[in-house]
S.K.: 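Have a look at the structure that comes next, please.
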Amino acid sequence: MPELPEVEILVRHLRPLLAGRTIREVHVQRPAVLDPTTAPRFKMALRGATFLGVTRRGKYLLFEMRAPGSPRRFMLLGHLGMTGRMYLARKSEPWPKHAAVVLELGANQFIYDDPRYFGRLTLDASPVAKLGPEPLTAQFTPGLLARELKRSRQPVKVKLLDQSLVAGIGNIYASEALFRAGLSPRRAANRLSAPQVEKLWQAIRKVLTEAIDCGSTIPLNFQPHRSNGLFYYGSTQGGFYTERLRVYDRAAQPCGRCQTPLKRMIQAARSTFYCPHCQKK
DNA sequence: CACCATGTTCCTTG
DNA sequence: CCAAGGAACATGGT
């Protein structure tokens, strides 16, 4: 479930549940997700530590911790990879098949579950330093986007996935933003006009903001066997779950704007979805 | 069996 | 320095 909006929703969900809770015991089932932290060091740091807050940067979750028996603070960095989930369950709940890390919090347990183990839960917060600006803050301006895009001849779709340009856009919202902006995913980044950059800037913010609003309407009470982390697809507008994404995973379906069949293509080894009529070069 | 998958990093080649 | 392509990580769905 992991692009910026999904991570943002998760962070808002976890923050009040975790704030003030102290870790009683640490279980590491899959040491690779701690990399480069070792399991002994991870356990040493977290046993007895207290959650102070949870924030987000790009697709990363930042858990602010207080060390046991001291005012010293440190960061725990989380990333969901492709399939990761982080949630609280009652202590009695059995762990899911691919539980990577479990933190005992007394009556509850924090579970990091990840079938593909592409995600991270680590003491190394250095990846955050390489991220570009947050797209939903004032740091992200049309001028900045224009300057960054000017430096590359890569297709604009591929550039949008570059986390050092803007943090948090993934394969789904890259396609969605370009559709909203009416821009071809193939267009060389440095060949967008100023008005097109402005449109793209607005489309990025709109797509992400709407996704967050949409996800906020869905209860996030994760259970080991009843995952509803799939809020890419759902919105409860009018009391019904309706499809929200306009192009992603909709190859051959009619464009919602012009009825032309949508297309799928491969760019940088990833699928891109677009409308060949509304998104001309 | 084939192919696909929301992410990131590393490597090679040009 | 940049770009493009591929592979790797590991598992599950169709």
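Chain naming here is simple, since letters A, B, ... match the order of the sequence lines and numbering starts at 1 in each.
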S.K.: Without decimals, in angstroms, what is the distance between Gln267(A) CD and dA5(B) P?
M.R.: 13 Å
S.K.: For Asp114(A) and Gly119(A), work out which heavy atoms get closest and say how close.
M.R.: OD2-N, 2.9 Å
S.K.: Please report the distance, rounded to the nearest Å, between CZ in Arg270(A) and P in dA7(C).
M.R.: 16 Å
S.K.: Report the nucleotide, chosen from dA5(B), dA3(C), dT8(B), that has the shortest atom-to-atom distance to any side-chain atom of Ser152(A).
M.R.: dA3(C)
S.K.: Rounding to a whole Å, what distance do you find between Arg120(A):CZ and dT8(B):P?
M.R.: 11 Å
S.K.: When the distance from CZ of Arg85(A) to P of dT6(B) is rounded to whole Å, what number comes out?
M.R.: 19 Å
S.K.: In terms of hydrophobic clustering (I, L, V, M, F, W, Y; side-chain heavy atoms under 4.5 Å; direct or indirect links), are Leu123(A) and Val101(A) co-clustered?
M.R.: yes
S.K.: For residues Glu176(A) and Arg246(A), report the shortest heavy-atom separation together with the two atoms involved.
M.R.: OE1-N, 2.8 Å
S.K.: Check whether any side-chain N or O of Arg66(A) sits under 3.5 Å from a backbone N or O of Thr50(A) as a donor-acceptor pair, and report yes or no.
M.R.: no
S.K.: If every non-hydrogen atom of Glu134(A) is compared with every non-hydrogen atom of Phe140(A), which pair is closest and at what distance?
M.R.: O-CB, 3.3 Å
S.K.: Is Tyr173(A) near enough to dT6(B) that one of its side-chain N or O atoms lies under 4.0 angstrom from OP1 or OP2?
M.R.: no
S.K.: Under 3.5 Å, is there a donor on one side chain and an acceptor on the other for Ser271(A) and Arg264(A)?
M.R.: yes
S.K.: Give the rounded distance in Å between these two atoms: CG of Asp162(A) and P of dC2(C).
M.R.: 10 Å
S.K.: Between protein and nucleotides 9-14 of chain C, map the contacts as a letter string: B base, S sugar-phosphate only, - none, heavy atoms under 4.0 Å, written 5' to 3'.
M.R.: BBBS--
S.K.: Between Leu165(A) (CG) and dC2(C) (P), how many Å, whole number?
M.R.: 12 Å
S.K.: It should be established whether Lys59(A) places a side-chain nitrogen or oxygen under 4.0 Å from OP1 or OP2 of nucleotide dG7(B).
M.R.: yes
S.K.: Could you work out the separation of dC9(C) and dC1(B) based on their C1' atoms and round it to a whole Å?
M.R.: 23 Å
S.K.: Taking a hydrophobic cluster as the set of Ile, Leu, Val, Met, Phe, Trp and Tyr residues connected by side-chain heavy atoms closer than 4.5 Å, whether directly or through intermediates, do Leu144(A) and Val207(A) fall within one such cluster?
M.R.: yes
S.K.: Tell me which nucleotide among dG7(B), dA4(C), dA5(B) gets nearest to the side chain of Ser271(A).
M.R.: dA5(B)
S.K.: Can you give me the closest heavy-atom contact between Gly84(A) and Tyr112(A), atom names plus distance?
M.R.: CA-CE1, 4.3 Å
S.K.: State which residue, out of Ser175(A), Cys278(A), Cys275(A), fulfils the side-chain contact (heavy atoms from CB on, under 4.5 Å) condition with Leu262(A).
M.R.: Cys275(A)
S.K.: Determine, for nucleotides 9-14 of chain B in 5'-to-3' order, which nucleotides have protein heavy atoms under 4.0 Å from the base (write B), from only the sugar-phosphate (write S), or from neither (write -).
M.R.: ------
S.K.: Expressed in whole Å, how much space separates the P atoms belonging to dA7(C) and dC3(B)?
M.R.: 13 Å
S.K.: Name the residue closer to the 5' end of DNA chain C, choosing between Arg151(A) and Ala269(A) according to the nucleotide with the nearest heavy atom.
M.R.: Arg151(A)
S.K.: Tell me: CG of Leu10(A) to P of dG7(B), nearest whole Å?
M.R.: 15 Å
S.K.: Rounded to whole angstrom units, what separation is found between the CZ atom of Arg57(A) and the C1' atom of dG7(B)?
M.R.: 17 Å
S.K.: Which nucleotide sits closest to the side chain of Gln154(A): dA4(C), dT8(B), dG7(B)?
M.R.: dA4(C)
S.K.: Among Arg30(A), Arg41(A), Arg120(A), exactly one meets salt bridge (Lys or Arg N to Asp or Glu O under 4.0 Å) together with Asp35(A). Which residue is that?
M.R.: Arg120(A)
S.K.: Would you please say whether a donor-acceptor pair under 3.5 Å links the side chains of Ser126(A) and Asp124(A)?
M.R.: yes
S.K.: State the dot-bracket string of DNA chain C. Criteria: Watson-Crick or G-U wobble, both atom distances under 3.5 angstrom; notation: ( ) intrastrand, [ ] crossing earlier pairs, | interstrand, . unpaired.
M.R.: .||||||||.||||
S.K.: Do Tyr117(A) and Gln29(A) have side-chain atoms, one donor and one acceptor, less than 3.5 Å apart?
M.R.: no
